[in-house]
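The structure under discussion appears below in the form of structure tokens.
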Amino acid sequence: MFKIFTGYHLVDSYHEWKREHRKSKNPLPLKAVKIGVAIAVTLLLWFLPASAYGLDGLNEIEQRVIAIFAFAALMWLFDAVQAWTTSLMVVVLLLFTVSDSSLWFMREGVEKSSLVSYKSILHCFADPIIMLFIGGFILAIAATKSGLDVKLAKVMLKPFGTKSETVLLGFILVTAVFSMFISNTATAAMMLTFLTPVLKALPADGKGKIGLALAIPIGANIGGIGTPIGTPPNAIALKYLNNPDGMNLGIGFGQWMMVMVPLTLVLLFISWWVLKTLFPFKQKTIHLEIQDNHVSDWRSKAVYITFGVTILLWLTDKFTGVNANVVAMLPVGVLSILGVIKKRDLEELSWSVLWMVAGGFALGVALQESGLASRLISSIPFGSWSPMLVIVGSGLLCWLMANFISHTATAALFVPILAIVGQSIAPQLADMGGVSTLLIGVAVGSSLAMLLPISTPPNALADATGMIKQKDMVITGLIMGIVGLILGYSLLILCGSKGLI
């Protein structure tokens, strides 16, 4: 997490809380049991007779991939170690046990054609989607260093005046806009920094401050739906949808926004109505004071221009012909050569997020190159399943899991499998928007998972204000989850059937 961000102290406190929460939830004996169970299940699946799986012709490499997939799922579910650690371990296991550069005894008696290319696994760390995220991170760092984020927040909140209910709407919308391009965690920390003095000044017996505190995580979580870089699950879904060797749908940055931003706006206004209804203000006016201590110089102006040009190119990628992943390298190159981004800034990139995403990609590579994907398609009668059941069922299950484990981990588990399922029943899914509805639905479901403080970092940061009772978060999270899934799938089915995404 970038230490230069406004409100970093809140993020630092969150990570400390997360460590303590993991320790309290996983005392050493319990942690050892959870890891032991994950290893035991993995070994069981590894050494079971192939006939026990009921998949005709299952080979040894495919069986190992199943075992490693189960290891990832259990470790992410148990939360015994940090999610990115599990992701890295998955990559290491794949390299040393199923790749064409694995240990010699792992390759003995195995058909070479079933081995996974070690280069394909390692390429996951430099996948174009990873570059897209790096470009987003660089823009975020530059915006903070130049004061662009504070300036924008001040300007964007000003039109909402001083009436309490409109200030609430302002915080929801502005938080959402920032979270489309900047880390949800960093956005929530920055906006809570601006909001903290307001929360302290509001009447102690009023409910309005609960709504204001909840506005930040709701805005951050829902806002992330709007762009491919808003949250990692979006990028994971887009990776499979645009894979030239797979579905190759060519969904662009602007095309994604054209469909998802309207959904985001509708959900944000609904959340505003929910918050102001459940938590009415006792004080009718709120006066915001946002201090901007940054001095504009030529470097700041360069950041403003680069930021604007990058977003413009992202929005018009279908017209310019320049891929969004390529556009992401523009701010990296320009801001580095101008001296805005320095070596220390690169060290502060959220590498854990990048590794987490890369680990999910590696699981997908193993499924495809080992032949397990085609084996599942030919052995399991996906075609007899109801398309509605596959789409809605996967979305609900994803939303439920993402409330308790990392959103990125949830997408990393669901998307590779659903990509296989989707391709095998593509004709049946056509009337419901196609495979894009299935995979993007997982991303939307992940972003809408915000029932508990542990569900997302923005939730935890808001909970740390002490203004929110857990039942308040559960009620609003449940309402927005149900409404969001209904509207999200309705829009995806409509737009997908019209060929808009």
Side-chain angles (χ1 to χ4, degrees), residues 37-77 86-125 127 236 239-240 243-248 358-385 390 394 409 412-426 435 438-439:
V37 168
I39 292 173
V41 171
T42 303
L43 291 175
L44 176 65
L45 293 173
W46 193 289
F47 292 110
L48 268 178
S51 58
Y53 286 90
L55 297 173
D56 293 337
L58 188 73
N59 64 44
E60 193 173 348
I61 295 299
E62 291 167 357
Q63 187 169 342
R64 291 176 194 171
V65 172
I66 292 174
I68 293 170
F69 192 93
F71 173 79
L74 289 172
M75 289 295 287
W76 280 328
L77 185 62
T86 297
S87 195
L88 273 181
M89 194 63 217
V90 165
V91 175
V92 172
L93 286 172
L94 291 172
L95 287 169
F96 279 87
T97 63
V98 305
S99 79
D100 55 8
S101 187
S102 58
L103 295 165
W104 78 95
F105 57 87
M106 290 289 177
R107 285 178 276 137
E108 286 182 355
V110 173
E111 289 185 21
K112 288 185 178 180
S113 60
S114 66
L115 292 168
V116 180
S117 167
Y118 80 92
K119 291 181 181 179
S120 296
I121 296 174
L122 291 176
H123 282 168
C124 292
F125 287 104
D127 189 273
I236 293 173
K239 149 83 174 176
Y240 285 90
N243 186 357
D245 299 322
M247 284 167 267
N248 196 25
F361 291 167
L363 278 176
V365 166
L367 284 168
Q368 291 290 346
E369 292 203 9
S370 68
L372 181 58
S374 57
R375 181 88 58 205
L376 289 171
I377 290 172
S378 61
S379 302
I380 300 176
F382 291 124
S384 63
W385 296 9
V390 173
S394 62
L413 285 173
F414 275 77
V415 172
I417 295 295
L418 289 176
I420 297 167
V421 175
Q423 285 179 283
S424 69
I425 60 171
V435 185
L438 188 64
L439 300 192

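Values below: every heavy atom of this structure, side chains too, minus hydrogens, waters and symmetry copies. One-based numbering along the sequence shown.
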Please walk me through it: do V65 and L363 pass side-chain contact (heavy atoms from CB on, under 4.5 Å)? CA-CA 8 Å; V65 172; L363 278 176; 6.0 Å; no

I'd like to know whether E111 forms a side-chain contact (heavy atoms from CB on, under 4.5 Å) with N59, so could you lay out the CA-CA distance, the side-chain angles of the two residues, the decisive distance to 0.1 Å, and finally the verdict. CA-CA 9 Å; E111 289 185 21; N59 64 44; over 6 Å; no

Report the C-alpha separation of I236 and F361 in whole Å, then their side-chain angles, then the decisive distance to 0.1 Å, and conclude whether the side-chain contact (heavy atoms from CB on, under 4.5 Å) test is met. CA-CA 8 Å; I236 293 173; F361 291 167; 4.0 Å; yes

Residues K119, D100; criterion side-chain contact (heavy atoms from CB on, under 4.5 Å); working and verdict: CA-CA 9 Å; K119 291 181 181 179; D100 55 8; over 6 Å; no

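Using modelled atom types, no side-chain atom of Q63 and backbone atom of Y53 make a donor-acceptor pair closer than 3.5 Å. A donor-acceptor pair under 3.5 Å is absent between the side-chain atoms of R375 and the main chain of E62, judged by distance alone.
Here the straight-line distance linking atom OG of S394 with atom CG of L418 works out to 5.0 Å at 0.5 Å rounding. Rounded to the nearest 0.5 angstrom, L438 CG and I425 CD1 are separated by 7.0 Å. In this structure, the separation between CZ on F125 and CG on L88 is 5.5 Å, given to the nearest 0.5 Å. Between Y240 atom OH and Q423 atom CD the span is 10.5 Å, to the nearest 0.5 Å. Between atom CG of residue L439 and atom CZ of residue F414 there is a gap of 12.5 Å, rounded to the nearest 0.5 Å. Rounded to the nearest 0.5 Å, atoms CD (E108) and CG (L103) are 11.0 Å apart.
No side-chain heavy atom of L93 sits under 4.5 Å from any side-chain heavy atom of V98. The closest side-chain heavy-atom distance from L413 to F69 is below 4.5 Å. In this structure the side chain of S102 never reaches within 4.5 angstrom of the side chain of Y118, judged on heavy atoms. Looking at L94 and V116, their side chains never come closer than 4.5 Å, going by heavy atoms from C-beta outward. Looking only at side-chain heavy atoms (C-beta outward), V365 and C124 come within less than 4.5 Å of each other. At least one side-chain heavy atom of L95 sits under 4.5 Å from a side-chain heavy atom of L122. Put simply, the side chain of M106 reaches to within 4.5 Å of the side chain of R64, judged on heavy atoms.
Shown here for I420 and L367, the closest heavy-atom pair between the two residues is CD1-CD1, 4.2 Å. Taking both residues in full, the closest heavy atoms of A38 and T42 are given as O-OG1, 2.6 Å, listed atom of the first, atom of the second, then distance. Closest approach of S117 and E369 over heavy atoms only: N-OE1, 3.0 Å. The shortest heavy-atom contact between P416 and G360 is CG-O, 4.2 Å. Nearest heavy atom pair, residue V91 against residue A362, reads CG2-CB, 3.9 Å. Of all the heavy atoms in G422 and V435, the pair that sits closest is O-CG2, 3.5 Å.
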